[in-house]
Amino acid sequence: MESKDKNEEKSVFVYADNAATAPVMPQAVEAMLPYLYDAWGNPSSLHAKGRIAKAAIRDARERISAIIGCEPDELYFTSGATESANIAIRGAAHAMREAYGRRCIITTTIEHPAVYETCRRLEGEGYCVDYVGCNTSGIVSARDIEAALSAAHGGAALVAIVLANNEIGTIQPVGEVAAAAKEAGALSFTDATQAVGVIPIDVKKLGVDTMCFSGHKFGAPKGVGALYIRRGVPFARIIGGGGQENGIRPGTENVAGIVAMARALEVSVDLMRDVERVRAMRDRLIKGLTAAIPGVRLNGDPDMRLPGNVNVSIDGVSGESVAILLDMKGIYVSTGSACATGIRDPSRVLLSLGLSREEADSSIRISLSYTNTDADVDYILEQLPPIVMRLRKLRTGNYDEQ
Ligand SMILES: *Cc1c(COP(=O)(O)O)cnc(C)c1O
């Protein structure tokens with residue numbers, strides 16, 4: 001719980017929306033400031049100001065690639081995971097079509113829109129896309145991916161699967177999926193945006209050909225991300241421009257953002273020592289809510305899930321109303337995914353688990369991180385049950401109930 005002024009109630013808040021964006025780390029800001037105040041040169045310039053900026057990018061690339069377990073020349077800086085995913089999927093799909101005439105993409109029904117919408121667009125551009133579903137706890141089976149690979153007409157070009165889902169936090173069998181793709185001669189891509197900086201990720205051990213992530217999900221400012229492309233894989237350059245990032249992502253680099261992302265990732269890796277504490281808060285919250293409120297169900301797998309993710313459906317209320325009332329108490333959470341806020345459609349991910357429309361609409365996502373404390377969990381457990389009871393009474397008109 002953060003409090004700037006103990007006397008002012010409004011200044012007390014619990015930030016429990018870390019899956020939407022993580023608080024910007026002071027260390028990241030500290031690291032980027034010299035590249036805003038002084039070393040603001042264009043890394044492509046040959047003079048001293050340019051060389052300093054270029055060296056900063058090289059240094060950041062080395063530090064980040066060492067952490068995720070790849071070579072520096074396999075890491076490309078982008079504006080974030082959305083751009084990385086678009087480049088990764090299109091770059092692989094175009095290259096595989098060009099080289100082998102393969103036009104099939106296999107993905108899942110629980111992808112983030114960055115992946116899902118890109119695949120939808122490719123359907124209109126002559127590709128076939130197979131959307132593989134998940135089980136009721138939100139896990140996609142590697143066997144189902146294998147079956148889709150065998151069924152792909154003319155051979156699959158690419159398998160795209162999220163590593164950890166952003167709404168329900170389920171962790172997918174990406175290693176098995178990557179191996180199956182390789183076996184079938186297809187490329188693999190994983191969206192690791194919820195995982196990098198939160199749980200240890202070694203891209204070589206995962207065995208995927210491409211992987212994306214975004215700096216702001218682990219403490220860097222928004223607008224910087226990265227794409228890993230394994231050396232030697234067929235890959236088409238899809239953005240035209242100057243030759244920056246080896247032509248994969250042309251455009252003048254976000255030097256300060258890149259420097260901040262490297263620092264944020266290092267600090268995040270250090271903070272992973274705290275993961276058991278985060279997991280314990282998550283489990284106490286799940287237990288506490290289930291015990292205090294009848295008709296609360298956890299969405300997603302209880303074990304194969306991100307350490308900070310709590311996603312529950314609450315019978316008889318709208319998740320949106322709950323989130324608004326929590327906001328008034330200074331508790332910041334999401335309904336479904338933040339990217340879908342404002343759109344009235346129920347969560348595609350929750351419907352994929354087999355939830356009814358009503359159950360999907362009644363869900364909230366509370367995403368914790370190392371920044372949260374036991375006092376935050378206590379405060380949520382104190383505030384949430386009466387909010388639900390109030391909303392239920394309003395709905396039934398039965399003010400005497402419960
Ligand atoms: C946040 C997120 C993205 C998109 O990241 P941006 O920084 O908004 O581009 C993609 N995939 C997942 C799983 C995410 O959580």
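Atoms within a ligand are numbered from 1 in the order they appear, just like the ligands themselves.
- Interface of His216 with ligand 1, defined as ligand atoms under 4.0 Å from a residue heavy atom, comprises 6 (P), 7 (O), 8 (O).
- Taking each of Thr78, Thr82, Ile110 in turn, the one with a heavy atom nearest to atom 4 (C) of ligand 1 proves to be Thr82.
- None of Asp283, Leu285, Val14 except one satisfies the side chain to side chain contact (heavy atoms under 4.5 Å, CB included) rule with Val377; the exception is Leu285.
- The nearest non-hydrogen atom to atom 7 (O) of ligand 1, considering only Pro113, Ala192, Ser214, Ala81, comes from Ser214.
- Aromatic ring pairs are classed by plane angle as parallel below 30°, tilted from 30° to 60° and perpendicular above 60°; the pair Tyr15 and Tyr332 is perpendicular.
- Contact atoms of ligand 1 toward Lys217: 1 (C), 2 (C), 3 (C), 14 (C), 15 (O) (distance under 4.0 Å to a heavy atom of the residue).
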*Show your reasoning for whether ring pair (Phe, Tyr, Trp, His ring centres under 6.0 Å) applies to Tyr116 and Tyr131.*
CA-CA 9 Å; Tyr116 191 78; Tyr131 300 89; 5.2 Å; yes
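- Remark: Arg297 engages Asp315 in a salt bridge, criterion side-chain N to carboxylate O under 4.0 Å.
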